[in-house]
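Heads up: the structure comes next, in structure tokens.
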Amino acid sequence: MYALVDCNSFYVSCERVFDPGLRGVPVVVLSNNDGCVVARSAEAKACGIGMGAPIFKMKEAVKRYGVRVFSSNYTLYGDMSARVMNVLGRFSPGVEVYSIDEAFLDLSGMEGLKEYGYRIREVVGLELGLPVCVGVGRTKTLAKVANRIAKRHGRLRGVCVIDTAEKERRALEMTPVDGVWGIGGRLSKKLGRQGVRTALEFSEMPSAWVRKHMSVVGLRTQRELAGEACLSLELVRPRKKSVCVSRSFGSDIEGLGKLKEALSAFVSMCGAKVREEGCCASTLTVLLMTNRFRTDIPHCSDQLTVPLPVPSDSDLELAGYAMRAAERIHREGVRYKKAGVIAGGLVPKNEVTGDLFDKVDRERHAALSLATDRLNGKFGAGTVKLGSQGPGRGWSHRQERLSRRFSTRWEELVEVGGGRNLP
DNA sequence: TCTGGGGTCCTAGGACCC
DNA sequence: TCTGGGGTCCTAGGACCC
């Protein structure tokens, strides 16, 4: 059996741990750039604030209900996530960290699963102050179904165990097909046209149809719902195949010069990620996009992937390729809203095949990267940067309602008895 | 005025190879 | 007249996840 442990409204719950005044009131956390709502407390849901809603469209509800609004504080959430995973590790020898707020646990051979689920909830609650729900099933996909039910039905008190054929059938019956892990908006629409509404109906579809219209991925989902485990726990995080840095700009950017400054900044953040993976990139992709929500200007979304002659993890070298790619795809007079770089084809640094005619002095580049990473690590990101980044941050994004890094910075700790905790 | 960011996998089609 | 078959690699696009 598998358990899926998932934190409730994770980002909101993290904020609440350090500011009890947020309990019982509507709270939302915004995406990067303070754009959309990515986490909502139950109270905020009740105020009609939708998942993914642009916050500027929610102004009225925010004002009327006194919704507390926060920027994403990834330093805080990342640290709290690590603590949760640490606790979960005590409950099973097999834990797959699936996302920042979810983990699958291997509970095979165990008895008393419901009580165990309650125990997990209790311990995470006591030690970290975070509410979680636990779903248990024969496969990962069924555990997901169970978790969804645990979240929605208060009388279950956060734990749902699907351990008989009858319970499986009932669970699938009460789960809409778009609530199934692996079936998103497009596929559920397609299924809807076939008259399929629930997970149960999906599980009863002819597998030939599923294979043809939903590929092997859909077929796997169907089998998982039937109790056939097709997905196993991934106990070690697989090496990343690509890393990406992309941002929307505070305001549109026109002109190659400014665009290059932004891309230089992105490429050096991306290079840092590549080095963190202990890898080198074999390809570099640059993407440029206009605002897809505007109807008054023509949309464009261009990207170019350039293969590197020798895989590299040097900001300097990657930036060179990014600049040339940008020159090739940039269109004069277009106002860009978003840009990004992707370092692809990552290979471990010690497996890189060199080039006999390589002109790059890789030792010097490596020394430079090491020095800049150390300086930026010690004195803060951006202390040392590429000249091509320019002086400004014209691409800079909004982050106006950021809470403190309560759990990772001495100078930002909560003070008890002081008056300094609330901004 | 203001609409996120970072990943994965699969498929189809083209280029190329022997 | 008759013009193969089997494979790899790459990329773009589409779907999904959180």
Side-chain angles (χ1 to χ4, degrees), chain A residues 4 6-7 9-11 28-39 49-59 62 69 71-72 74 77-78 81 96-104 140-141 144 147-148 177-191 210-221 230-231 234 237-252 266 269-270 273-274 276-277 282-283 285 287 289-296 299 301-307 337-346 395 397-401:
Chain A
L4 177 68
D6 186 320
C7 302
S9 312
F10 180 57
Y11 296 172
V28 298
V29 176
L30 303 180
S31 60
N32 262 335
N33 220 10
D34 289 352
C36 304
V37 173
V38 294
I49 296 179
M51 188 63 175
I55 193 65
F56 74 89
K57 287 188 177 174
M58 296 288 123
K59 270 201 174 128
V62 167
V69 179
S71 302
S72 285
Y74 287 111
Y77 312 149
S81 171
E96 173 186 338
V97 178
Y98 176 65
S99 74
I100 194 162
D101 73 328
E102 289 170 73
F104 287 102
K140 288 167 90 173
T141 307
K144 273 270 191 186
N147 191 285
R148 188 177 180 281
V177 75
D178 64 350
V180 173
W181 187 39
I183 300 180
R186 303 295 183 106
L187 289 173
S188 59
K189 260 194 180 156
K190 197 186 254 189
L191 287 163
V210 175
R211 173 66 184 86
K212 185 169 175 206
H213 294 95
M214 302 174 67
S215 87
V216 295
V217 182
L219 201 56
R220 202 154 55 203
T221 298
C230 304
L231 303 168
E234 292 184 3
R237 183 173 69 83
R239 192 162 48 74
K240 282 190 183 153
K241 296 172 179 173
S242 65
V243 291
C244 167
V245 173
S246 70
R247 294 284 183 280
S248 295
F249 305 129
S251 50
D252 291 354
F266 299 169
M269 290 189 259
C270 200
K273 288 184 176 186
V274 171
E276 210 176 296
E277 285 288 308
S282 332
T283 64
T285 302
L287 7 90
M289 275 158 283
T290 54
N291 190 336
R292 64 197 162 106
F293 296 101
R294 283 180 66 170
T295 48
D296 55 329
H299 294 179
S301 169
D302 297 305
Q303 66 180 67
L304 180 65
T305 299
V306 291
K337 175 65 181 168
K338 180 177 175 174
V341 295
I342 304 170
L346 299 189
W395 48 273
H397 66 280
R398 281 188 303 278
Q399 206 176 29
E400 289 167 357
R401 299 156 175 280

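Quick note: numbers below take in every heavy atom, side chains included, and nothing from hydrogens, waters or symmetry partners.
- You'll find that the side chain of A:Lys338 is closest to B:dG5, out of B:dT11, B:dG5, B:dC2.
- Set against C:dC17, B:dG6, B:dG4, the side chain of A:Arg247 has B:dG6 as its closest nucleotide.
- Each of A:Ser215 and A:Cys36 was assigned the nucleotide of DNA chain B with the nearest heavy atom; the assignment lying further toward the 5' end belongs to A:Cys36.
- Backbone-only engagement by A:Leu187 is indicated by non-hydrogen atom pairs under 4.0 Å involving sugar-phosphate atoms exclusively.
- Closest approach to the A:Phe56 side chain among B:dT3, C:dC18, B:dG7 is made by B:dT3 (side chain taken as heavy atoms from C-beta onward).
- Distance A:Glu277 CD to B:dT8 C1': 14 Å, rounded to the nearest Å.
- Distance CZ (A:Arg186) to C1' (B:dC10): 16 Å, rounded to an integer number of Å.
- Taking atom CE of A:Met214 as the reference point, atom P of C:dG14 lies 18 Å away to the nearest angstrom.
- Counting any heavy atom pair closer than 4.0 Å across all strands shown, A:Lys144 reaches sugar-phosphate atoms only and no base atom.
- A sub-4.0 Å separation between OP1 or OP2 of B:dG4 and a side-chain N or O of A:Ser246 is absent.
- Heavy atoms of A:Lys337 sit under 4.0 angstrom from primed sugar atoms or phosphate atoms, though from no base atom.
- A:His299 has its NE2 atom 13 Å from the P atom of B:dT3, to the nearest Å.
- Using P as the reference atom, C:dC18 and B:dT3 are 25 Å apart when rounded to the nearest Å.
- In this structure, CG of A:Leu346 is placed 9 Å from P of B:dG7, rounded to the nearest angstrom.
- A salt bridge between A:Glu276 and A:Lys240 is absent, with no side-chain N of the basic residue lying under 4.0 Å from a carboxylate O of the acidic one.
- Nucleic acid contact for A:Leu30: none, since no nucleic acid atom lies under 4.0 Å from a heavy atom of the residue.
- For A:Arg292, taking side-chain heavy atoms from C-beta onward, the closest of the listed nucleotides B:dG6, B:dT8, B:dG4 is B:dG4.
- Note that SG of A:Cys244 is 6.5 Å distant from NZ of A:Lys273, once rounded to the nearest 0.5 Å.
- The separation between A:Arg220 atom CZ and C:dC16 atom P is 14 Å, rounded to whole Å.
- Each of C:dC17, C:dA15, B:dC9 was ranked by its minimum atom distance to the side chain of A:Trp181; first place goes to C:dC17.
- Between the A:Ser71 side chain and the A:Asp34 main chain, no donor and acceptor come within less than 3.5 Å of each other.
- Using a distance-only test at 3.5 Å, with no hydrogens or angles considered, a donor-acceptor pair links the side chain of A:Arg239 to the main chain of A:Leu346.
- Phosphate proximity of B:dG4 to A:Ser72: absent, as no side-chain N or O sits under 4.0 Å from OP1 or OP2.
- Of all nucleotides listed (B:dT11, B:dT8, B:dG4), B:dG4 comes nearest to the side chain of A:Asn32.
- Heavy atoms of A:Lys273 sit under 4.0 angstrom from primed sugar atoms or phosphate atoms, though from no base atom.
- Using a 4.0 Å cut-off, no side-chain N or O of A:Arg294 falls inside it from OP1 or OP2 of B:dT1.
- Using a 4.0 Å heavy-atom cutoff across all strands shown, A:Gly340 reaches no nucleic acid atom at all.
- Out of B:dG6, B:dG7, B:dG4, the shortest distance to the side chain of A:Lys240 is found at B:dG7.
- For A:Glu234 and A:Lys140, the salt-bridge test fails: no basic side-chain N is under 4.0 Å from an acidic carboxylate O.
- Classified by interplanar angle (parallel below 30°, tilted 30° to 60°, perpendicular above 60°), the ring pair A:Trp181/A:Tyr98 is perpendicular.
- Residue A:Leu231 contributes atom CG, which lies 11 Å from atom P of B:dC10 at whole-angstrom precision.
- Close to B:dT8, at under 4.0 Å from its OP1 or OP2, lies no side-chain N or O of A:Arg239.
- Partner assigned to C:dA12 is B:dT11, using Watson-Crick or G-U wobble distances below 3.5 angstrom.
- Each of A:Val177, A:Asp178, A:Val180, A:Val210 was evaluated against A:Leu191; a single residue qualifies, A:Val177, per the side chain to side chain contact (heavy atoms under 4.5 Å, CB included) test.
- For A:Thr305, counting side-chain heavy atoms from C-beta on, the closest listed nucleotide (C:dA12, C:dC18, B:dG4) is C:dA12.
- Here A:Val180 lies in heavy-atom contact (under 4.0 Å) with sugar-phosphate atoms only.
- Mapping A:Val217 and A:Phe293 onto DNA chain B by nearest heavy atom places A:Phe293 closer to the 5' end of the strand.
- Rounded to a whole Å, the CZ atom of A:Phe249 is 13 Å from the P atom of B:dT3.
- Among B:dG4, B:dT3, C:dT11, the nucleotide with an atom closest to any side-chain atom of A:Lys57 is B:dT3.
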